[in-house]
2 protein chains.
Amino acid sequence: MVTLKDIAERLHISITTVSRALAGYSDVSPETIRLVRNTATEMGYVPNSIAQRLQKKVTDTIGVVVPYSAKGYGEPFFSELLAGIGKEASEQGLDLLVAYAKREKELSFYKKLIDGRRVDGFVISRTLCHDERIDYLSSIDFPFASFGMVENKQDFPFVEEDSDYAMACVVDHLAGKGHTRIACIAPPLSVMFSAVRLRAVRKHMELIGLSLPDEMVCIGSFDQKDGYVQAHKLLDLPHPPTAIICFNDSIAFGAINAGKERGLSIGTDLAITGFDDVPMAELYRPPLTTVRQPIADIGSLVTKLLIKAIQEKHPTYRAKADGIEKMQIILCPTLIIRESS
Amino acid sequence: MVTLKDIAERLHISITTVSRALAGYSDVSPETIRLVRNTATEMGYVPNSIAQRLQKKVTDTIGVVVPYSAKGYGEPFFSELLAGIGKEASEQGLDLLVAYAKREKELSFYKKLIDGRRVDGFVISRTLCHDERIDYLSSIDFPFASFGMVENKQDFPFVEEDSDYAMACVVDHLAGKGHTRIACIAPPLSVMFSAVRLRAVRKHMELIGLSLPDEMVCIGSFDQKDGYVQAHKLLDLPHPPTAIICFNDSIAFGAINAGKERGLSIGTDLAITGFDDVPMAELYRPPLTTVRQPIADIGSLVTKLLIKAIQEKHPTYRAKADGIEKMQIILCPTLIIRESS
DNA sequence: GTATACCTCTAAAATGTTTTGGGTTTTTCA
DNA sequence: TGAAAAACCCAAAACATTTTAGAGGTATAC
């Protein structure tokens with residue numbers, strides 16, 4: 001492996017000059033710069049990134065901790081988000097370090113990566129209303145950006161969707177079809193997006209004169225199986241709903257299956273909506289009415305926010321988040337109406 | 001941040017001794033070891049992994065390059081595999097570096113990560129019959145392990161499923177239901193698994209006296225949309241098939257949709273089988289008959305193979321692949337019969 | 001009583017880079 | 001012609017660790 005020293009010896013100049021020539025400092029003559037750069041490429045020089053990192057006290061790496069539970073790994077949500085983050089990182093010349101941690105060990109992974117100086121910052125997703133990751137990272141002033149806000153804190157970089165608007169669209173759409181008994185299937189309300197979406201649904205139903213009684217709100221998990229179970233519960237009620245708002249697409253797929261199993265015609269007898277618009281939504285039968293959130297693009301956006309946050313600590317940071325002004329971004333999602341409603 | 005030097009100064013001993021005490025060398029007295037370790041934890045010492053890496057010439061990081069095309073990111077296949085790799089890596093104390101590269105830039109990402117000495121080895125997946133990644137890595141003797149073999153080379157670590165057996169099961173199952181006009185929808189045959197599976201299907205059909213004419217073999221892409229298109233093509237034939245073997249689950253979902261659209265009853269009029277058994281397979285309507293490959297577990301297994309390969313270069317490597325003997329592993333998949341056939 | 005082995009510790013080198021703080025030569029301008 | 005300024009270059013320190021090679025002392029063996 002060829003090093004700066006090798007180049008220096010070959011050209012009979014100092015290592016310093018080689019380093020500065022490659023970096024394009026103005027106190028190196030244009031000739032020398034040209035000469036050094038040519039020899040470097042000719043000799044196949046590639047900087048040793050580890051040595052660079054040791055010296056610069058920067059890792060050029062961003063971290064993502066993906067939680068996993070025993071029952072299953074990759075929810076489509078995380079893989080989409082990861083792809084967006086990874087794409088942006090790769091384009092900016094940053095490495096993406098992914099750690100898979102059991103839920104209960106999650107925070108210790110953040111600590112380990114920070115203490116080992118292995119990442120410059122984190123992308124956080126699926127925030128909780130009170131999120132210990134965010135509390136911890138803010139408390140030690142370590143750079144991060146998140147997809148999702150939290151209940152008690154506002155002064156950190158995040159991307160959030162306008163749930164109020166999204167749910168208003170969904171409720172209006174269903175009410176417009178004549179539905180009055182509308183139910184919800186939600187993940188645990190400790191999860192920020194779940195709490196926010198439920199609040200939004202309730203608010204808009206009341207606004208248009210509908211009520212959302214407690215038995216019409218089912219709290220479960222994130223996945224299809226749970227959507228199936230919760231939908232059956234709802235349909236077992238003495239006055240079952242005619243429309244079910246599911247807080248993500250996986251849940252909605254499960255709910256559709258439950259409805260079908262009871263011989264209901266999804267879209268006419270029973271309306272079902274999702275949230276996210278994962279690729280499968282369009283291709284499911286019937287195709288799912290849902291709220292589009294371009295998750296991969298959001299991943300890129302959060303990454304840009306993170307880069308900006310890191311830059312403020314390291315003004316000479318290699319990656320630049322051009323065109324990013326605000327530290328908090330609220331996206332406006334769109335309702336995609338398909339046959340399930 | 002506390003360093004070895006800080007500990008050494010506090011205890012009035014040398015940096016060397018601190019280092020060796022923490023590492024548990026036998027030429028440090030038990031007392032000193034105890035003292036040093038206590039002070040280290042008390043002071044909150046965490047080794048600077050970058051400095052360690054520079055010295056040890058090892059990164060404790062494994063790399064995965066995920067290809068993406070313009071139209072879509074995370075196929076379920078990659079996210080499952082990634083989860084398995086990540087889980088294993090995290091358990092072994094290794095970092096997982098994920099790069100997202102456009103197909104045409106894929107090889108250059110490998111080179112970049114190697115030249116920048118950023119990973120100790122790679123996990124490769126979805127091999128091609130002639131795979132330039134494998135050619136390159138073997139040629140420079142850089143450690144890797146793959147999910148999938150290649151046509152012209154046998155002496156590298158890989159995990160492969162027994163396609164011959166799997167396809168024999170599928171063909172027997174369909175033939176047992178009385179199907180004689182059986183078709184295939186396959187990804188490009190330059191992809192190793194696609195070529196191998198097609199060969200296996202053909203072989204077993206001939207073995208039981210059936211033929212697989214050319215018009216019954218559709219070559220397309222990997223995704224649902226393509227499955228849909230190809231299935232329509234097959235059903236447009238003068239003598240359409242009564243069973244379609246899809247070479248992965250996504251393709252099968254698309255084929256099911258195409259069949260439904262024509263008013264065919266999937267499972268009775270038209271049998272459809274998939275491959276992989278992704279979580280959605282069980283939950284699709286109708287549930288998909290498919291070949292189970294535990295992709296996440298395979299990810300872990302390939303990672304273990306990789307660790308073993310790295311160990312052979314660095315006998316002192318931190319991660320150990322215990323219980324891994326062979327360098328090539330052929331897994332026996334199982335046919336999961338559901339309602340789609 | 002001397003040689004040997006052993007136990008415990010350490011100074012210095014090495015890893016490959018960037019930065020600091022000059023140093024030397026050449027150019028510019030009065 | 002002399003002084004100041006500019007242009008170009010470099011030695012050494014620093015980053016935090018591990019390894020090498022050996023020092024100094026005590027215990028063991030003959």
Side-chain angles (χ1 to χ4, degrees), chain A residues 1-37 39-40 43-61 93 114-118 120 314-318, chain B residues 1-37 39-40 43-61 93 114-118 120 314-318:
Chain A
M1 290 274 107
V2 20
T3 70
L4 289 184
K5 198 175 161 197
D6 298 328
I7 301 177
E9 279 171 5
R10 164 92 83 99
L11 295 176
H12 301 292
I13 58 178
S14 77
I15 295 177
T16 309
T17 303
V18 176
S19 172
R20 297 181 79 82
L22 291 173
Y25 275 70
S26 62
D27 65 356
V28 182
S29 77
E31 281 163 279
T32 315
I33 289 189
R34 205 169 23 75
L35 183 63
V36 168
R37 290 195 174 159
T39 342
M43 294 175 75
Y45 169 76
V46 181
N48 180 325
S49 51
I50 295 186
Q52 286 181 320
R53 288 169 188 185
L54 180 60
Q55 219 287 338
K56 293 215 219 167
K57 294 165 172 314
V58 153
T59 66
D60 290 326
T61 303
I114 293 170
D115 290 339
R117 299 157 197 83
R118 293 211 276 236
D120 296 333
H314 308 282
T316 63
Y317 204 60
R318 75 182 291 175
Chain B
M1 290 274 105
V2 20
T3 69
L4 289 183
K5 198 176 162 198
D6 298 329
I7 301 177
E9 279 170 4
R10 164 92 86 97
L11 295 176
H12 303 293
I13 58 177
S14 76
I15 295 177
T16 308
T17 303
V18 177
S19 172
R20 297 180 80 82
L22 291 172
Y25 274 70
S26 63
D27 65 356
V28 182
S29 77
E31 282 162 281
T32 316
I33 290 189
R34 205 168 25 74
L35 182 62
V36 167
R37 290 199 175 156
T39 337
M43 294 174 77
Y45 170 75
V46 182
N48 180 325
S49 51
I50 295 186
Q52 286 181 321
R53 288 171 187 185
L54 180 60
Q55 219 284 340
K56 293 213 218 167
K57 297 167 173 311
V58 153
T59 65
D60 290 325
T61 302
I114 293 171
D115 290 340
R117 300 157 196 82
R118 294 211 277 235
D120 297 332
H314 308 282
T316 64
Y317 204 61
R318 74 183 291 173

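Just the heavy atoms: all of them, side chains too, but no hydrogens, waters or symmetry mates, feed the values below. A note on names: the letters A, B, ... follow the listed sequences, proteins ahead of strands, and every chain is numbered from 1.
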Rounded to the nearest 0.5 angstrom, the CD1-CE distance for B:I114 and A:M1 is 9.0 Å
Q | N/O (side chain, A:Y45) to phosphate O (OP1/OP2, C:dT17) under 4.0 Å | A | yes
Applying salt bridge (Lys or Arg N to Asp or Glu O under 4.0 Å) to B:R117 and not counting sequence neighbours gives none
| query | Hey, does B:I13 reach any base, or is it just sugar-phosphate, or nothing, if we go heavy atoms under 4.0 Å? | reply | sugar-phosphate
Contacts of B:M1 and B:Y25 projected onto DNA chain D by closest heavy atom; the upstream (5') one is B:M1
Steps toward side-chain contact (heavy atoms from CB on, under 4.5 Å) verdict (A:L22, A:Y45):
CA-CA 11 Å; A:L22 291 173; A:Y45 169 76; 3.7 Å; yes
Nearest heavy-atom contact between B:V2 and B:G44 is CG1-O, 3.6 Å
Rounded to 10°, the helix from C:dG1-D:dC30 to C:dA30-D:dT1 deviates from straight, judged by its five-pair end axes, by 50°
side-chain contact (heavy atoms from CB on, under 4.5 Å) filter on A:T3, not counting sequence neighbours, yields A:K5, A:D6
TODO: Mind checking A:T3 for me? I need base, sugar-phosphate or nothing, with any heavy atom below 4.0 Å counting as a touch.
DONE: sugar-phosphate
Rounding to 0.5 Å, atoms OG1 (B:T59) and CD1 (B:I50) come to a distance of 11.5 Å
Between the protein and nucleotides 24-26 of chain C, list the N/O to N/O atom pairs that are separated by less than 3.5 angstrom.
none

Could you list, one pair per line, each protein nitrogen or oxygen that sits under 3.5 Å from a nitrogen or oxygen of nucleotides 11-15 of chain C, together with the distance?
from   : atom 1 : to    : atom 2 : distance (Å)
C:dA11 : N7     : B:T16 : OG1    : 3.3
C:dA11 : N6     : B:T16 : OG1    : 2.9
C:dA12 : N6     : B:T16 : OG1    : 3.3
C:dT15 : O3'    : B:K57 : NZ     : 3.3

task = Would you indicate what A:R20 reaches in the nucleic acid, counting non-hydrogen atoms under 4.0 angstrom: base, sugar-phosphate, or nothing?
result = base
Any side-chain N or O of B:T32 less than 4.0 Å from the OP1 or OP2 oxygen of C:dT8? no
Between CD of B:E31 and P of C:dC7 the distance, given in whole Å, is 15 Å
When rounded to whole Å, the CZ to C1' distance for the pair B:R34 and C:dT8 reads 16 Å
Residues passing the side-chain contact (heavy atoms from CB on, under 4.5 Å) test with A:S49, sequence neighbours excluded, are A:Q52, A:R53, B:R118
Taken in chain and number order and not counting sequence neighbours, the residues that satisfy side-chain contact (heavy atoms from CB on, under 4.5 Å) with A:V58 are A:K56, A:D60, A:D120, A:H314, A:Y317
Closest heavy-atom pair, A:G116 versus B:V46, reported as atoms and distance to 0.1 Å, is N-CG1, 4.0 Å
The first and last nucleotides of DNA chain D lying within contact of chain B, meaning any atom under 4.0 Å from one of its heavy atoms, run from D:dA16 to D:dT20
Assert: residue with more 5' nearest nucleotide on DNA chain C, out of B:P30 and A:S19, is B:P30
Those residues at least two apart in sequence (or on a different chain) that pass side-chain contact (heavy atoms from CB on, under 4.5 Å) with B:L11 are B:I7, B:I13, B:L35, B:V36, B:T39
B:S19 and B:L4 have their tightest heavy-atom pair at CB-CD1, 3.9 Å
Is any side-chain heavy atom of B:I33 closer than 4.5 Å to a side-chain heavy atom of B:P30?
-> no
Residues 10-22 of chain B vs salt bridge (charged side-chain N to carboxylate O under 4.0 Å, His left out), sequence neighbours excluded, gives B:R10-B:E42, B:R20-B:D27
Whole-Å distance, A:D27 CG to C:dG23 P, equals 16 Å
Rounded to whole Å, the NE2-P distance (B:H12 to C:dC9) equals 15 Å
